[in-house]
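For reference, the structure discussed in these notes is given below.
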Amino acid sequence: LSLSLSLGVSQTIITQDPGSVTGTEEGEVTVPCTMTGAPPGPVRWYRDTGSGKQYLYSPNPPPPNERNDPRVPQVHQNHDTDLSIRIVNLTLSDSGIYYCEKYRGIDETLITSGSGSILSVRGEGECVAL
């Protein structure tokens, strides 16, 4: 005998494609995130610094003791499925892996996280071999 309960919660899928983006120092870059089947609740962006997650941005009020990076707006305001962000005035230290995460509205527990997008920032004078 098997029993399955469905609470009307569809599968939340976060897609971060392409998985890597490149920007130039002092330029800007879009870090992609699309979401389907998401229930109400906050979306938050984090950067993996190699020594832990660093809060970056949310279109919702940020978590306690955090604040949004003033260089980061959402590309499409009030959009249900495209939650991509733009980072302006890039610095070399912005390089890292960026994660788009969805939280449940009631208790703010993490529902799912994107696979991450790798951001590479290169210096203004660097040449790129084609």
Linked, directly or transitively: Tyr99 and Leu83 (ILVMFWY side chains, under 4.5 Å):
no
Val21 and Thr30: side-chain contact (heavy atoms from CB on, under 4.5 Å), yes or no, with the steps?
CA-CA 8 Å; Val21 290; Thr30 297; over 6 Å; no
Begin from the C-alpha positions of Gln54 and Glu66 and carry the test side-chain contact (heavy atoms from CB on, under 4.5 Å) through to its verdict.
CA-CA 10 Å; Gln54 175 186 16; Glu66 298 287 1; over 6 Å; no
Heavy-atom check, side chain of Cys100 versus side chain of Ser113, under 4.5 Å
no
Evaluation steps, side chain to side chain donor-acceptor pair (under 3.5 Å), between Thr15 and Asp17
CA-CA 6 Å; Thr15 306; Asp17 187 35; over 6 Å; no
Does any part of the side chain of Ile85, heavy atoms only, come nearer than 4.5 Å to the side chain of Cys33, both counted from C-beta?
no
Shared hydrophobic cluster for Val29 and Ile118 (ILVMFWY, side-chain gaps under 4.5 Å)
no
Please step through side-chain contact (heavy atoms from CB on, under 4.5 Å) for the pair Thr22 and Arg122, ending with a clear verdict.
CA-CA 8 Å; Thr22 304; Arg122 60 177 180 260; 2.9 Å; yes
Would you give the length of the straight line joining atom OG of Ser20 to atom CD1 of Ile97, rounded to the nearest 0.5 angstrom?
10.5 Å
Are the side chains of Asp69 and Ile87 in contact, using a 4.5 Å heavy-atom criterion?
no
Determine yes or no for a side-chain-to-main-chain donor-acceptor pair under 3.5 angstrom, with Glu108 supplying the side chain and Gly105 the backbone.
no
Taking NZ, NE, NH1 and NH2 as the nitrogens, is one of them in Glu28 or Arg86 under 4.0 Å from a carboxylate oxygen of the other?
yes
Please round to the nearest 0.5 Å and tell me the distance separating atom CD1 of Ile13 and atom OG1 of Thr112.
9.0 Å
When you compare the side chain of Asn89 with that of Glu26, does any pair of heavy atoms fall below 4.5 Å?
yes
Check whether any side-chain heavy atom of Glu101 sits under 4.5 Å from a side-chain heavy atom of Leu110, and report yes or no.
yes
Candidate list Tyr98, Tyr55, Tyr57, test ring pair (Phe, Tyr, Trp, His ring centres under 6.0 Å), partner Tyr46, passing option:
Tyr55
Before accepting this row, confirm whether a basic side-chain N of the pair Arg47/Asp94 lies closer than 4.0 Å to the acidic partner's carboxylate O.
no
Is there a side-chain contact (heavy atoms from CB on, under 4.5 Å) between Thr109 and Tyr103 once you walk through the steps?
CA-CA 5 Å; Thr109 53; Tyr103 291 80; 5.9 Å; no
So, do Val121 and Thr24 sit near enough that their side-chain heavy atoms are less than 4.5 Å apart?
no
If I take atom CD1 from residue Ile14 and atom OG1 from residue Thr81, how far apart are they, to the nearest 0.5 angstrom?
12.5 Å
List the atom of Pro42, the atom of Arg104, and the distance in Å for their closest heavy-atom pair.
CD-O, 3.9 Å
Check: Ser117 side chain, Pro18 main-chain N or O, donor-acceptor pair, under 3.5 Å:
yes
State the NE2-OG distance between His79 and Ser84, to the nearest 0.5 angstrom.
9.5 Å
Heavy atoms of His76 and Gln74 approach each other most closely as O-NE2, 3.1 Å
First locate atom CD1 of Ile111, then atom CE of Met35, and finally report the distance between them rounded to the nearest 0.5 Å.
8.5 Å
Judged by atom type as modelled, is there a donor-acceptor pair below 3.5 Å linking the side chain of Asn60 to the main-chain atoms of Val43?
yes
Can you measure from CG (Leu92) to CD (Glu25) and round to the nearest 0.5 angstrom?
4.0 Å
Here the pair of heavy atoms bringing Gly116 nearest to Gln16 is N-OE1, 3.2 Å
